[in-house]
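So the structure is just underneath, and the comments pick up after that.
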Amino acid sequence: MSEPTRFSNFIRQIIEADIAAGKNGGRVVTRFPPEPNGYLHIGHAKSICLNFGLARDYGGRCHLRFDDTNPLKEDIEYIEAIKEDVCWLGFDWGEHLYHAADYFDQLYEWAVKLIRAGKAYVCDLTADQIRDTRGTLTEPGKESPYRNRSVEENLDLFRRMRAGEFPDGARVLRAKIDMASPNLNLRDPVMYRIRHEVHHRTGDRWCIYSTYDWAHGQSDAIEGITHSICTLEFEDHRPLYDWFLDQIDPPHRPRQIEFARLNLSFAVMSKRMLNELVRDGHVSGWDDPRMPTLAGLRRRGYTSEAIREFCERIRVARADSTVDMELLENTVREDLNPRVPRVMAVHRPLKVVIENYPEDRVEEVEAPNFPDDPPRMGLRKLPFCRVIYIERDDFMESPPKKFHRLSPGREVRLRWSYVIQCTGVVKDERTGEVVELRCTYDPDTLNAPLPEGRKIGGTIHWVSAAHALKATLRLYDRLFTVPNPAGGEADFKTYLNPSSLQVLQEALVEPSLAEARPGDRFQFERKGFYVVDLKDSQPGMPVFNLIVPLRDTWAKMVKTGQTE
RNA sequence: UGGGGCGUAGCCAAACGGCAAGGCAGCGGACUCUGGAUCCGCCAUCUGAAGGUUCGAAUCCUUCCGCCCCAGCCA
């Protein structure tokens with residue numbers, strides 16, 4: 001489960017002040033209110049950690065409430081996915097699972113109350129007409145000609161709206177506030193619209209559905225929410241939130257507090273865009289490991305601990321911000337580093353024949369599973385023989401000065417094994433491509449410290465040709481090539497990274513990985529953290545997803561030309 | 001242009017009138033059978049700008065500048 005927060009923020013300060021002042025009887029009740037119209041993403045994780053974290057730390061409770069007031073967009077598929085994601089993230093709503101739909105009757109009654117009080121009216125204007133009479137940012141709107149209908153007429157019409165006497169869009173119920181308000185949300189906002197739609201929860205019982213504004217604050221009040229936390233774009237709605245509450249005058253009075261939503265560089269976070277990526281097949285689904293969805297991150301191999309820690313580190317404030325993708329990546333690395341076993345996997349194999357090693361000999365060398373603290377995870381045995389494979393990148397025919405891996409005439413250490421020296425290069429006659437290396441090994445160097453003065457440049461990973469397992473490696477990179485794909489001139493999809501997924505079918509992994517089960521995580525030494533794919537990995541044909549690569553200072557040197 | 005917000009390092013962010021935390025990134029160095037990890041050090045004379053108040057200002061006041069949100073019968 002989750003642990004107490006380490007950092008305060010302005011919301012905590014408000015809550016602490018409220019508790020000190022004895023507001024709400026000292027109770028803290030929050031809620032996470034997703035609309036079931038898409039999958040949860042890491043931005044939602046920020047909200048979940050915030051809301052459930054507040055409840056956890058102040059001895060309160062946090063409700064999971066589905067804000068399901070629009071049957072056109074919502075689907076039960078999303079309900080289940082959302083519940084799974086919240087659980088996986090490590091939070092528990094206990095008994096407090098709610099749906100705005102459960103309050104439709106109460107909402108209807110309160111609407112009638114507003115009509116009786118002359119604070120709401122049925123308006124026959126079309127959607128277009130309502131828009132045209134709303135005014136602009138600088139000009140006031142015009143009052144609807146239906147604004148001053150009698151209470152009786154309004155009551156009758158509203159009842160008939162509910163009874164299904166009118167087609168979709170024919171009429172709406174509007175709050176009667178102020179068409180000249182500088183806050184457009186107060187210009188007689190719509191409370192109910194007619195939609196002859198089946199709702200996933202209420203079936204065909206209703207054909208009028210409340211809007212967000214008329215449902216949200218009321219739902220908060222019904223549930224006894226004390227602090228209703230939402231994102232900045234709802235700030236303009238707060239006066240309306242409060243106005244509605246004033247009209248119904250509930251026993252519990254929630255307070256809306258807004259914070260800045262999470263933006264992540266090199267990613268998109270809007271449901272519309274994520275939906276589009278899925279719908280148009282740019283990714284394999286909501287759980288594609290490149291997606292910033294919780295389902296995607298889970299499949300990618302991220303741990304819920306890492307995501308919670310990330311949400312902690314990004315903090316909560318009111319300034320619009322975009323967090324560096326690198327912070328997320330650093331957080332998983334830090335989480336995985338101390339708890340994941342190390343193994344060897346050759347991504348792009350290059351054959352090496354050790355000429356002075358006996359043809360039929362097979363040795364077993366011992367390797368610690370967690371070299372930084374060997375006793376913790378024990379040892380495994382690695383078969384070693386005459387023919388091995390190493391990483392293609394670990395050999396260069398004419399290397400720059402600072403390259404300290406294999407090249408003709410040079411020595412390297414094979415991880416947990418011998419020191420070898422490259423004595424020959426075999427090339428494809430046609431292409432000139434290096435297809436094989438001839439080497440010799442030094443029999444005195446197995447697990448032995450090197451004598452004084454003898455220095456070996458580097459250590460590289462390897463697998464035994466006769467024993468290695470074939471594996472598929474899926475190398476994931478950021479989905480977009482620019483820091484702010486949603487903010488560019490062009491459509492965000494034009495910034496899709498064409499190499500966000502590279503599949504290596506010919507990878508070779510050490511035989512101990514035969515035991516690996518879906519969901520198991522490893523560090524492929526010198527490469528990155530990997531997870532056995534939950535869906536596609538098969539016993540004979542394992543599939544590993546790259547969770548996050550290891551920091552690679554050599555790559556950085558190559559990139560900046562610092563190799564000489 | 002009306003209303004509502006927000007500006008502290010490349011990216012987050014603290015500081016609540018008392019002398020600019022921390023994290024990520026970056027840069028040095030130590031160590032290393034992972035060019036990983038770890039460890040050590042450096043990294044804002046300064047808080048969007050300009051004025052003002054004050055013994056003292058990122059914090060208070062004024063003006064200006066910039067960015068975000070709002071004209072759905074979406075949430």
Side-chain angles (χ1 to χ4, degrees), chain A residues 6-9 13 33-35 37 67 69-70 72-73 123 125-127 130-132 134-141 168-174 181-187 189-195 208-209 211-213 215-216 230-239 258 260 262 265 271-272 312-331 333-334 337-338 342 344 367 371-372 402-405 412-417 419 445 447-450 456-461 483 523-528 549-557:
Chain A
R6 281 175 279 136
F7 307 115
S8 190
N9 55 243
Q13 292 179 350
E35 183 189 14
N37 68 344
D67 219 331
T69 56
N70 187 356
L72 242 33
K73 297 192 172 179
C123 181
L125 258 23
T126 64
I130 288 179
R131 184 176 349 100
D132 292 344
R134 182 152 23 231
T136 68
L137 296 180
T138 51
E139 301 161 296
D168 287 6
R171 291 180 223 263
V172 292
L173 184 72
R174 291 228 250 172
S181 172
N183 181 342
L184 306 229
N185 294 121
L186 263 21
R187 320 245 262 225
V190 171
M191 296 168 66
Y192 278 96
R193 48 331 200 189
I194 299 172
R195 289 232 219 286
I208 57 172
Y209 290 96
T211 55
Y212 165 84
D213 287 305
H216 203 90
C230 62
T231 44
L232 251 24
E233 67 271 24
F234 291 100
E235 195 156 10
D236 289 341
H237 293 245
R238 195 170 63 220
E258 311 84 17
L262 169 66
S265 63
K271 273 193 200 169
R272 191 208 100 220
E312 190 74 8
R313 290 184 187 186
I314 58 176
R315 319 293 290 265
V316 176
R318 281 179 65 88
D320 292 315
S321 61
T322 301
V323 173
D324 255 325
M325 183 64 107
E326 283 180 289
L327 180 62
L328 213 211
E329 294 174 344
N330 173 273
T331 310
R333 280 196 202 100
E334 219 172 276
N337 185 250
R342 318 274 126 133
M344 294 198 283
D372 289 341
K402 290 185 179 163
F403 183 83
H404 40 243
R405 304 177 191 175
V412 276
R413 161 133 250 154
L414 295 176
R415 183 74 157 155
W416 312 125
S417 178
V419 169
T445 53
N447 271 329
L450 265 12
I456 299 301
T459 298
I460 64 175
H461 57 280
Q523 185 196 98
F524 289 173
E525 285 197 284
R526 307 207 305 133
K527 292 307 239 176
L550 255 31
R551 212 176 251 113
D552 188 348
T553 60
W554 170 249
K556 200 181 296 171
M557 287 158 74

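In what follows, chains are A, B, ... by sequence order, proteins preceding strands, each numbered from 1.
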Whom does [N] pair with, Watson-Crick or G-U wobble, provided both distances fall under 3.5 Å?
| N | result |
| --- | --- |
| U62(B) | A50(B) |
| C43(B) | none |
| G2(B) | C70(B) |
| G18(B) | C55(B) |
| C24(B) | G10(B) |

Original post:
What are the two closest non-hydrogen atoms of Pro239(A) and Leu186(A), and how far apart are they?
Top reply: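 Answer, listing the atom of Pro239(A) first, then Leu186(A): CB-CD2, 4.0 Å.
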
**OP:** Could you pull out the closest heavy-atom pair between Thr211(A) and Thr69(A), with the gap in Å?
**Re:**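 Scanning both residues, the minimum pair turns out to be C-OG1, 4.5 Å.
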
Considering just the side-chain nitrogens and oxygens of [X], establish if one lies under 4.0 Å of OP1 or OP2 belonging to [N].
| X | N | value |
| --- | --- | --- |
| Thr211(A) | A75(B) | no |
| Arg415(A) | C33(B) | no |
| Arg131(A) | G72(B) | yes |

Subject >> First encountered from the 5' end of RNA chain B, between Ile314(A) and Ala170(A) >> reply: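 Nearest nucleotide further toward 5': that of Ile314(A).
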
Subject >> 5' priority, RNA chain B, between Lys556(A) and Phe524(A) [closest heavy atom] >> reply: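 With Phe524(A) and Lys556(A) compared, the 5'-side residue is Lys556(A).
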
Original post:
Does the side chain of Asn330(A) pick up a donor-acceptor pair with the side chain of Arg313(A) at under 3.5 Å?
Top reply: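 The criterion, which ignores hydrogens and geometry beyond distance, is satisfied for Arg313(A) and Asn330(A).
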
Whole angstrom is fine here: how far is it from [atom1] in [X] over to [atom2] in [N]?
| X | N | atom1 | atom2 | result |
| --- | --- | --- | --- | --- |
| Leu328(A) | G23(B) | CG | P | 19 Å |
| Leu173(A) | G72(B) | CG | C1' | 17 Å |
| Glu233(A) | C67(B) | CD | C1' | 16 Å |
| His237(A) | A75(B) | NE2 | C1' | 9 Å |

Original post:
Trp554(A) on top of G35(B)'s base, within under 5.5 Å and under 30°?
Top reply: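 Stacking is present between G35(B) and Trp554(A), given that their ring centres fall under 5.5 Å apart and the planes under 30°.
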
Original post:
A75(B) base stacked by His216(A)? Criteria: ring centres under 5.5 Å, plane angle under 30°.
Top reply: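 So no, this residue does not stack on that base, at least one cut-off failing.
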
Any donor-acceptor pair under 3.5 Å joining the side chain of [X] to the base of [N]?
| X | N | result |
| --- | --- | --- |
| Arg405(A) | G35(B) | yes |
| Asp552(A) | G36(B) | no |
| Gln13(A) | C16(B) | yes |
| Asn183(A) | G4(B) | no |

Original post:
Among C73(B), A71(B), G4(B), which is the nearest nucleotide to the side chain of Val190(A)?
Top reply: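 Nearest to the side chain of Val190(A) among the choices is C73(B).
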
Original post:
Quick one: which of G23(B), G22(B), G5(B) gets closest to the side chain of Arg315(A)?
Top reply: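 The answer is G22(B).
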
Original post:
Which glycosidic conformation, syn or anti, is assigned to G36(B) if syn requires a torsion within 90° of zero?
Top reply: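 G36(B): anti glycosidic orientation.
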
Original post:
Charged N to carboxylate O below 4.0 Å: is that the case for Arg415(A) and Glu525(A)?
Top reply: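 Yes.
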
**OP:** Could you work out the separation of A9(B) and A21(B) based on their C1' atoms and round it to a whole Å?
**Re:**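 Comparing C1' positions in A9(B) and A21(B) gives a spacing of 14 Å.
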
**OP:** Would you indicate whether the side-chain heavy atoms of His461(A) and Trp416(A) approach each other to under 4.5 Å?
**Re:**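 Result no, sub-4.5 Å side-chain heavy-atom pair not found.
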
